[in-house]
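First up is the structure itself, then whatever we jot down about it.
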Amino acid sequence: MSRIKTTSSIRLTIDSNLNNVFLVGLTVEAICSYAPFKAVTAYQVGTSVVEAVNNAIKHAYGNQPGHQVEVDILLNPEGVRFEISDTGRPMRLQGSHKLEYDPEDLENLPEGGMGLFIINQVMDHVEYKNFGDRNLLTMGKYYDCDPQVDLCEGD
Amino acid sequence: MSRIKTTSSIRLTIDSNLNNVFLVGLTVEAICSYAPFKAVTAYQVGTSVVEAVNNAIKHAYGNQPGHQVEVDILLNPEGVRFEISDTGRPMRLQGSHKLEYDPEDLENLPEGGMGLFIINQVMDHVEYKNFGDRNLLTMGKYYDCDPQVDLCEGD
Amino acid sequence: MQLKEDKIGGILVLKPLDKRFDAHSAVDFKARMADFVSSGHTVIILDLSEVDFIDSSGLGAIVSALKTIGRNGDLVLCGIKETVMSLFRLTRMDRVFRIFTDQGEATAALSS
Amino acid sequence: MQLKEDKIGGILVLKPLDKRFDAHSAVDFKARMADFVSSGHTVIILDLSEVDFIDSSGLGAIVSALKTIGRNGDLVLCGIKETVMSLFRLTRMDRVFRIFTDQGEATAALSS
Ligand SMILES: Nc1ncnc2c1ncn2[C@@H]1O[C@H](COP(=O)(O)OP(=O)(O)O)[C@@H](O)[C@H]1O
Ligand SMILES: Nc1ncnc2c1ncn2[C@@H]1O[C@H](COP(=O)(O)OP(=O)(O)O)[C@@H](O)[C@H]1O
């Protein structure tokens with residue numbers, strides 16, 4: 001059982017190398033498993049943050065190591081909030097993040113372009129902003145498990 | 001099963017408030033549970049880092065919030081290394097970190113002074129250094145579980 | 001720190017509901033224990049079955065409670081998880097406290 | 001990415017031994033799969049029972065392998081954990097692949 005009564009926070013910083021991203025994933029999963037999230041939600045929130053960090057490395061920094069990706073995690077009484085920032089190329093804002101394809105049409109199955117879709121499906125709030133030389137992706141997710149009432153598998 | 005073939009690293013930064021320390025603990029436990037450590041070792045390494053961060057907050061910063069504690073985690077092929085740094089008061093170097101007491105002598109049981117003892121018992125390597133305005137505690141632990149051979153409970 | 005309170009006869013059973021018994025929760029725990037003792041509860045079972053993590057400050061807070069109760073009462077522990085127990089062993093606190101598997105065993109021992 | 005290889009009749013069974021099938025391991029996986037296919041293995045079971053985590057790059061690499069094999073072969077999956085499966089469902093990849101509980105079921109289906 002875990003009731004979050006006050007806000008606590010931690011910043012994760014990695015060098016822009018895909019080799020480091022699993023450390024962010026492990027961290028976010030562990031923190032979300034501690035928080036009152038269902039097990040599958042904790043897992044998917046972890047995946048969403050991994051997708052966002054992958055994107056910063058691949059797209060904002062063009063797979064160049066030597067740059068920093070920062071992930072601020074805020075554990076609030078009602079949910080968790082992530083602020084992912086990079087100082088690379090800003091994202092060209094697209095409209096909606098749909099994932100439409102025919103599962104039978106082998107040749108046209110998607111091999112990419114699923115990251116932003118996953119993020120938007122999983123998180124309750126997603127916002128991307130550019131501040132001068134810094135890009136900031138903010139994502140939030142409300143707890144979906146009341147340990148006073150539910151049996152939270154994540155616990 | 002998890003074989004660490006290359007080095008990966010992450011930096012954790014928290015504000016000097018005891019309320020944030022559990023986030024460091026959850027992170028270190030998760031990363032050490034992924035690495036080839038036995039479950040009890042992963043847990044105790046997590047505890048050692050928590051002790052070190054508590055010390056930085058309580059002793060280096062005198063329990064004052066508004067300062068940063070940084071924990072660099074390096075996952076190497078042979079073990080994990082932590083660099084914990086603060087910019088507060090340096091530690092007066094003491095000799096050995098013993099914990100000697102009579103379990104029957106109620107009045108003289110220790111209520112504190114166990115943190116450095118735990119760190120020194122658990123970690124394979126501990127070193128404290130002061131660089132001008134920065135204090136750096138380096139600690140290392142070799143993996144104690146070969147997933148090719150052992151059944152690692154931590155896995 | 002959230003503490004579940006139960007009374008079994010003259011025994012007070014306390015179960016911390018937070019998973020992490022650390023330097024942050026230890027301060028509050030110490031004060032709460034002092035209150036219990038000063039209001040006359042001197043035979044206490046501390047059930048740690050919900051606790052996943054303890055650090056030296058958590059251990060210190062339990063030792064502090066033991067001292068506050070003194071020789072005229074009793075503080076025993078139960079439900080300690082294996083990982084948490086490893087820290088009791090490392091600091092030899094397993095030789096300071098009487099430790100039982102669960103509330104049933106602890107109650108039986110204190111009632112006999 | 002470490003891959004355990006087994007041959008059951010004409011079927012190649014591949015089991016990734018890394019817990020995390022992510023953007024980092026996906027690059028290597030894609031290349032390895034292309035090698036297997038070009039050396040004549042076109043009926044493959046991918047056993048994901050050791051995989052705790054997959055991201056969209058991992059999914060993409062498996063789709064890429066499916067395309068490489070094309071219509072003259074088969075790539076089926078088995079041993080997918082519940083959390084990993086939730087990502088297959090979210091992206092509807094559970095409708096793209098034939099998914100079996102374990103190697104036994106997958107082999108039976110491919111041999112019949
Ligand atoms: N952090 C980012 N910075 C710049 N561009 C981005 C970023 N994230 C996403 N993009 C752009 O949006 C596209 C879709 O991203 P995504 O859905 O994650 O799929 P993928 O990364 O597989 O292409 C990317 O191909 C890229 O052009
Ligand atoms: N990071 C630090 N900075 C300054 N002093 C420290 C630090 N860590 C430990 N100390 C000193 O060493 C003593 C022993 O530390 P420790 O064994 O962790 O026990 P405790 O923190 O309970 O006193 C502390 O009381 C303090 O005086």
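All chains are named by letter (A, B, ...) in the order of the sequence lines, taking the proteins before the strands, and each is independently numbered beginning at 1.
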Notebook entry, point to check: So what's closer than 4.5 Å to chain A heavy atoms on D:F97: side chain, backbone, both or neither?
Noted result: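 Contact with chain A is absent: no heavy atom of D:F97 under 4.5 Å.
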Check: chain A heavy atoms under 4.5 Å from D:V84: which part of the residue, side chain, backbone, both or neither?
Finding: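 Contact with chain A: backbone and side chain both.
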Notebook entry, point to check: Of D:F88, D:F29, D:F53, which is the lone residue that meets ring pair (Phe, Tyr, Trp, His ring centres under 6.0 Å) with D:F21?
Noted result: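 Only match with D:F21 under ring pair (Phe, Tyr, Trp, His ring centres under 6.0 Å): D:F29.
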Here's a test: name every donor-acceptor pair under 3.5 Å between chain A and chain D, with the distance for each.
{"from": "A:E29", "atom 1": "OE2", "to": "D:R20", "atom 2": "NH1", "distance (Å)": "3.4"}
{"from": "A:E29", "atom 1": "OE2", "to": "D:R20", "atom 2": "NH2", "distance (Å)": "3.2"}
{"from": "A:Y43", "atom 1": "OH", "to": "D:I54", "atom 2": "N", "distance (Å)": "3.1"}
{"from": "A:Q44", "atom 1": "NE2", "to": "D:S86", "atom 2": "OG", "distance (Å)": "2.9"}
{"from": "A:E51", "atom 1": "OE1", "to": "D:S56", "atom 2": "OG", "distance (Å)": "2.7"}
{"from": "A:E51", "atom 1": "OE2", "to": "D:S56", "atom 2": "N", "distance (Å)": "2.5"}
{"from": "A:E51", "atom 1": "OE2", "to": "D:S56", "atom 2": "OG", "distance (Å)": "3.1"}
{"from": "A:N54", "atom 1": "ND2", "to": "D:D55", "atom 2": "OD2", "distance (Å)": "3.0"}
{"from": "A:L99", "atom 1": "O", "to": "D:R92", "atom 2": "NH2", "distance (Å)": "3.4"}
{"from": "A:Y101", "atom 1": "O", "to": "D:R92", "atom 2": "NH2", "distance (Å)": "3.4"}
{"from": "A:Y101", "atom 1": "OH", "to": "D:T91", "atom 2": "O", "distance (Å)": "2.6"}
{"from": "A:Y101", "atom 1": "OH", "to": "D:R92", "atom 2": "O", "distance (Å)": "3.2"}
{"from": "A:E107", "atom 1": "OE1", "to": "D:R71", "atom 2": "NH2", "distance (Å)": "3.4"}
{"from": "A:L109", "atom 1": "O", "to": "D:K67", "atom 2": "NZ", "distance (Å)": "2.6"}
{"from": "A:E111", "atom 1": "OE2", "to": "D:K67", "atom 2": "NZ", "distance (Å)": "3.1"}

Next item on the list: Using atom types as modelled and distance alone, determine if a side-chain donor or acceptor of A:Y128 lies under 3.5 Å from a backbone N or O of A:M91.
Entry: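 Side chain of A:Y128 to backbone of A:M91, a donor-acceptor pair under 3.5 Å: yes, one is there.
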Check: Do A:D72 and A:S9 come within less than 4.5 Å of each other through their side chains, counting heavy atoms only?
Finding: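 No - every pair of side-chain heavy atoms lies 4.5 Å or more apart.
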Margin query: Within the structure provided, determine whether D:L14 and D:M33 are in side-chain contact (heavy-atom separation under 4.5 Å).
Written below: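 Yes, their side chains come closer than 4.5 Å.
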Notebook entry, point to check: Pick from A:I57, A:L26, A:V122: which one has the most heavy-atom pairs with chain D under 4.5 Å?
Noted result: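 Ranked by heavy-atom pairs under 4.5 Å with chain D, first place is A:L26.
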Item checked: Under 4.5 Å from a heavy atom of chain D, the part of A:V21 involved ->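 It is neither, since no heavy atom gets under 4.5 Å.
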Note to self: For A:F117, which atoms come within 4.5 Å of any heavy atom of chain D: side chain, backbone, both, or neither?
What the structure shows: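 Side chain of A:F117 only, per the 4.5 Å heavy-atom cut-off to chain D.
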Notebook entry, point to check: Distance from D:M93 atom CE to D:I54 atom CD1, nearest 0.5 Å?
Noted result: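 Answer rounded to 0.5 Å: 10.0 Å.
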Notebook entry, point to check: Rounded to the nearest 0.5 Å, what separation is found between the CD1 atom of A:I73 and the CD1 atom of A:I84?
Noted result: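 If we round to the nearest 0.5 Å, A:I73:CD1 and A:I84:CD1 are 9.0 Å apart.
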Next item on the list: Over all heavy atoms of both residues, which pair between A:G25 and A:V50 is shortest? Give the atoms and the distance, please.
Entry: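 Smallest interatomic distance, heavy atoms only, reads CA-CG2, 3.6 Å.
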Notebook entry, point to check: If every non-hydrogen atom of A:D86 is compared with every non-hydrogen atom of A:R89, which pair is closest and at what distance?
Noted result: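 Of all heavy-atom pairs spanning A:D86 and A:R89, the closest is OD1-O, 4.5 Å.
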Next item on the list: Between chain A and each of D:L59, D:I62, D:V96, D:L66, count heavy-atom pairs under 4.5 Å; write down the option with the most.
Entry: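 Most heavy-atom pairs within the cutoff with chain A belong to D:V96.
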N/O donor to acceptor pairs below 3.5 angstrom from side-chain atoms of residues 74-82 of chain A, sequence neighbours left out:
{"from": "A:N76", "atom 1": "OD1", "to": "A:T7", "atom 2": "OG1", "distance (Å)": "2.9"}
{"from": "A:R81", "atom 1": "NE", "to": "A:E83", "atom 2": "OE2", "distance (Å)": "3.3"}
{"from": "A:R81", "atom 1": "NH2", "to": "A:E83", "atom 2": "OE2", "distance (Å)": "3.1"}

